[in-house]
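Quick note on labels: first sequence line is chain A, next is B, and so on, each numbered from 1.
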2 protein chains.
Amino acid sequence: MNSSIKDLLDELKNKNIRLSHQRLKVLEYLILNHCHPTADQIYNALHKDVPTLSKTTVYNTLNALVKANIVRPLNIENAETRYDINTFDHGHFKCESCGDVVDFSINLDALKANDLNNYEITDKNVYFKGICPKCLQI
Amino acid sequence: MNSSIKDLLDELKNKNIRLSHQRLKVLEYLILNHCHPTADQIYNALHKDVPTLSKTTVYNTLNALVKANIVRPLNIENAETRYDINTFDHGHFKCESCGDVVDFSINLDALKANDLNNYEITDKNVYFKGICPKCLQI
DNA sequence: AATTAAATTGTAATCATTACAACTTAGAAT
DNA sequence: ATTCTAAGTTGTAATGATTACAATTTAATT
């Protein structure tokens, strides 16, 4: 379901994205953490291991990966862009209590919009909000 | 399909939102312009007629209307919250060429997520991106 | 090893939104 | 109608995410 790291590296090479130490670290973090982190979360997590890392580089890398279609930006909430490396069709659920964002599977092809017959649709997004089971128990 | 202005006024009264001149102007603008404007667009449009209007008031009004469930905020793009007064079930399409956002009808009840059986879902959002017919012709 | 275009970094700028405190007003009570 | 008070308005300043930029460093090719 998820691409192997090697596949990703090949994809990056094809798209002429240089594999710097910093970029590999950001990629590794996204692969290991499917929690839809913000740029800030990524920066804070990596800064311990890579003290020279700058936040600009995190943004730069994320923008490059988005342009290369390797990660998707999520704009569920204003002023907090999250990043997702999962490429299979899925929706997102955000818990309004704890703030966690989780994936759920959904058939986007089945989502038809008759009003948009003459429109060229390149991107479909679905997100739900509510309360997750963990927070419902409390 | 759209509430009459009188219905809205009643709803506002019920929710203890005072009907100041400024707020009525913002409401009127949203009712007359279903183009999903940003706070800035609303401010610029109204500033001619109401020179004393401040941008803070526009934000304040929009936040009050959102809290009262009279308008919905759209976060399709990062750093640009748009506002929508249409309350019927619908999705949004954003043209990546001209930037326009249009509504389209969609049955949100039919959108099932089996992965979220134990989740309480309070809000469903669907937005598509692509190119609108006008821009396809050019 | 030399070259060069691309990546990295820190700082400063930008832009949407919010915080705040002084002033004004809507709507209720008298 | 007048008074009262909580809520709304305003301008300015603060915040916080993201980008611009210019100097330095590096990846990968010649």
Does either side chain, that of Asn125(A) or that of His92(A), offer a donor lying less than 3.5 Å from an acceptor on the other one? no
If the condition is side-chain contact (heavy atoms from CB on, under 4.5 Å), which residues does Tyr43(A) pass it with, not counting sequence neighbours? His47(A), Leu53(A), Lys55(A), Val58(A)
Quick one: do the His90(B) and Asp115(A) side chains pair a donor with an acceptor below 3.5 Å? no
At less than 4.0 Å, is any side-chain N or O atom of Gln22(A) found next to OP1 or OP2 of dT26(D)? Yes or no. no
To the nearest 10 degrees, what angle separates the axes at the start and end of the helix from dA1(C)-dT30(D) to dT30(C)-dA1(D), five pairs each? 30°
Kindly give the atom pairs (protein nitrogen or oxygen, nucleotide nitrogen or oxygen) under 3.5 Å for nucleotides 14-19 of chain C.
residue, atom, partner, partner atom, Å
dT17(C), OP1, Thr81(B), N, 3.4
dT17(C), OP1, Thr81(B), OG1, 3.0
dT17(C), OP2, Tyr59(B), OH, 2.3
dT17(C), O5', Tyr59(B), OH, 3.3
dT18(C), OP2, Asn63(B), ND2, 3.4

Interface polar pairs with nucleotides 24-30 of chain C, N/O, under 3.5 angstrom:
residue, atom, partner, partner atom, Å
dA26(C), N3, Arg18(B), NH1, 3.3

Within less than 4.0 Å of OP1 or OP2 of dA6(C), is there a side-chain N or O belonging to Arg23(A)? no
Please list, chain by chain and in numerical order, all residues satisfying side-chain contact (heavy atoms from CB on, under 4.5 Å) with Val66(A), sequence neighbours excluded. Val71(A), Pro73(A), Tyr83(A)
Which residues satisfy the salt bridge (Lys or Arg N to Asp or Glu O under 4.0 Å) test with Arg72(A), sequence neighbours excluded? Asp123(A)
Among dT10(D), dG10(C), dT9(D), the nucleotide that comes nearest once only the side chain of Asn60(B) is considered: dT9(D)
Will you find, in the side chains of Asp89(A) and Ser105(A), an N or O donor that is under 3.5 Å from an N or O acceptor? no
